[in-house]
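Notes follow once the structure below has been shown.
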Amino acid sequence: QSVLAQPPSTSGTPGQRVTISCSGSSSNIGSKAVNWYQQLPGAAPKLLMYNNNERPSGVPDRFSGSKSGTSASLAISGLQSEDEADYHCAAWDDSLNGWVFGGGTKLTVL
Amino acid sequence: EVQLVQSGAEVKKSGESLKISCTGSGYNFFGHWIAWVRQRPGEGLEWIGITYPDDSQTRYSPSFQGRVTISADKSINTAYLQWSGLQASDTAMYYCARLLGDCARLGCSFGAHWFDPWGQGTQVTVSP
């Protein structure tokens, strides 16, 4: 069971906006930055969002991140077929003294 | 281009030893922590541990402490993950990733770092 809680799956149609939640506690999300990773089918994870809401170079501005208290969210607007992937949230945990991940959310574009 | 290239897939039997590698290029390898992450079939990501190639410091997740050994050889820009007695439950994809941060702006604590880039992964299959 993962320390950070994510919904196992979500879906949307092209052009739609979807959000993926990531819930933690005061020892991780509540006090540390959240990062998001996109894992396309059969591929390695790739950095999608860091420091809660900063996009690496090359990531479209359709992707946005936010954090409030002990929860974080990833939003994808103007959904495209190539966005179909698994999305993982992660943060450092002061109690466990290490990084913790969510279980991942599988996004299906209908 | 910053890149991490991992060694190829492995098929082993329970009880055997194994060492997989991760070779970095395109950046100052010995000046960045390297992390190892496990992904079992159909499951999420799990942090195993990290190593700092310049002085071989290591840190482990309590879940993996004593079960694996992480090391690095900065002379050949390579980090390693090894097992001395594999179990069927070790069957998984293993990824390495560079720790990246912006110390000047965000501070240098581990909590202010993220994993980028990732290696392509090494599939480890252990039969009972």
Side-chain angles (χ1 to χ4, degrees), chain A residues 1-9 20 22 24 26-59 65 67 72 86-106, chain B residues 1-6 9 22 33-51 57-65 68 70 92-123:
Chain A
Q1 193 170 350
S2 302
V3 173
L4 305 181
Q6 294 182 241
S9 63
I20 298 172
C22 176
S26 58
S27 64
N28 43 65
I29 294 178
S31 56
K32 294 291 180 283
V34 177
N35 307 310
W36 291 88
Y37 302 92
Q38 178 192 56
Q39 187 173 27
L40 295 171
K46 172 191 147 187
L47 180 69
L48 185 68
M49 196 76 55
Y50 65 95
N51 193 34
N52 303 320
N53 56 16
E54 298 192 50
R55 283 177 286 107
S57 173
V59 173
K67 188 181 89 166
D86 292 329
Y87 293 85
H88 308 268
C89 60
W92 176 266
D93 189 296
D94 279 333
S95 296
L96 298 175
N97 213 25
W99 281 273
V100 291
F101 289 90
T105 298
K106 182 177 181 60
Chain B
E1 178 195 6
V2 176
Q3 200 174 8
L4 294 174
V5 177
Q6 298 184 227
C22 167
W33 291 84
I34 291 286
W36 286 96
V37 175
R38 180 174 80 176
Q39 186 171 36
R40 284 175 164 157
E43 297 186 11
L45 303 170
E46 300 172 89
W47 174 66
I48 299 171
I50 52 173
T51 186
Q57 286 186 66
T58 56
R59 311 279 175 89
Y60 294 94
S61 161
S63 300
F64 291 90
Q65 179 85 47
V68 298
I70 293 172
M93 182 72 82
Y94 291 86
Y95 296 101
C96 64
R98 179 184 66 167
L99 247 64
L100 198 59
D102 185 346
C103 288
R105 190 167 61 91
L106 304 174
C108 268
S109 67
F110 283 130
H113 284 72
W114 49 91
F115 302 135
D116 182 50
W118 295 61
Q120 84 278 19
T122 296
Q123 176 66 46

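Computation of the quantities below employed the complete heavy-atom set of this structure, encompassing side-chain atoms and omitting hydrogens, waters and symmetry-equivalent molecules. Numbered from 1 within each chain, the chains take letters A, B, ... in sequence-line order.
- In terms of non-hydrogen atom pairs under 4.5 Å with chain B, the most contact-rich of G104(A), P45(A), A33(A), G98(A) is P45(A).
- Considering every non-hydrogen atom in both A44(A) and G119(B), the closest pair reads CB-O, 3.2 Å.
- Pairing each heavy atom of R105(B) with each of N51(A), the nearest pair is NH1-ND2, 4.3 Å.
- Among the residues in residues 92-104 of chain B, those with a non-hydrogen atom closer than 4.5 angstrom to a non-hydrogen atom of chain A are Y95(B), L99(B).
- Looking at P117(B), there are no atoms closer than 4.5 Å to chain A (heavy atoms on both sides), in backbone or side chain.
- Considering only heavy atoms from C-beta on, D116(B) stays 4.5 Å or farther from P56(A) through its side chain.
- Expressed to the nearest 0.5 Å, how far CD of Q39(B) lies from CZ of F101(A) amounts to 9.5 Å.
- Every residue meeting the ring-ring contact (aromatic ring centres under 6.0 Å, His included) condition with W99(A), not counting sequence neighbours, appears here in chain and number order: W92(A), W47(B), F110(B), F115(B).
- Listed options H88(A), Q6(A), K46(A) were ranked by heavy-atom pairs under 4.5 angstrom with chain B; first place goes to H88(A).
- The line from OG of S61(B) to CG of L96(A) is 7.5 Å long, rounded to the nearest 0.5 Å.
- Residues passing the ring-ring contact (aromatic ring centres under 6.0 Å, His included) test with Y50(A), sequence neighbours excluded: W114(B).
- Heavy-atom distances place no part of D93(A) under 4.5 Å from chain B, backbone and side chain included.
- Note on L106(B), L45(B), I50(B): by heavy-atom pairs under 4.5 Å with chain A, the leading option is L45(B).
- For E46(B), the part sitting under 4.5 Å from any heavy atom of chain A is the backbone (N, CA, C, O) and nothing else.
- In this structure, E43(B) has no salt bridge (charged side-chain N to carboxylate O under 4.0 Å, His left out) partners at least two apart in sequence or on a different chain.
- Contacts between E54(A) and chain B at a heavy-atom distance below 4.5 Å involve the side chain alone, from C-beta outward.
- Heavy atoms of A43(A) lying under 4.5 Å from chain B belong exclusively to its backbone.
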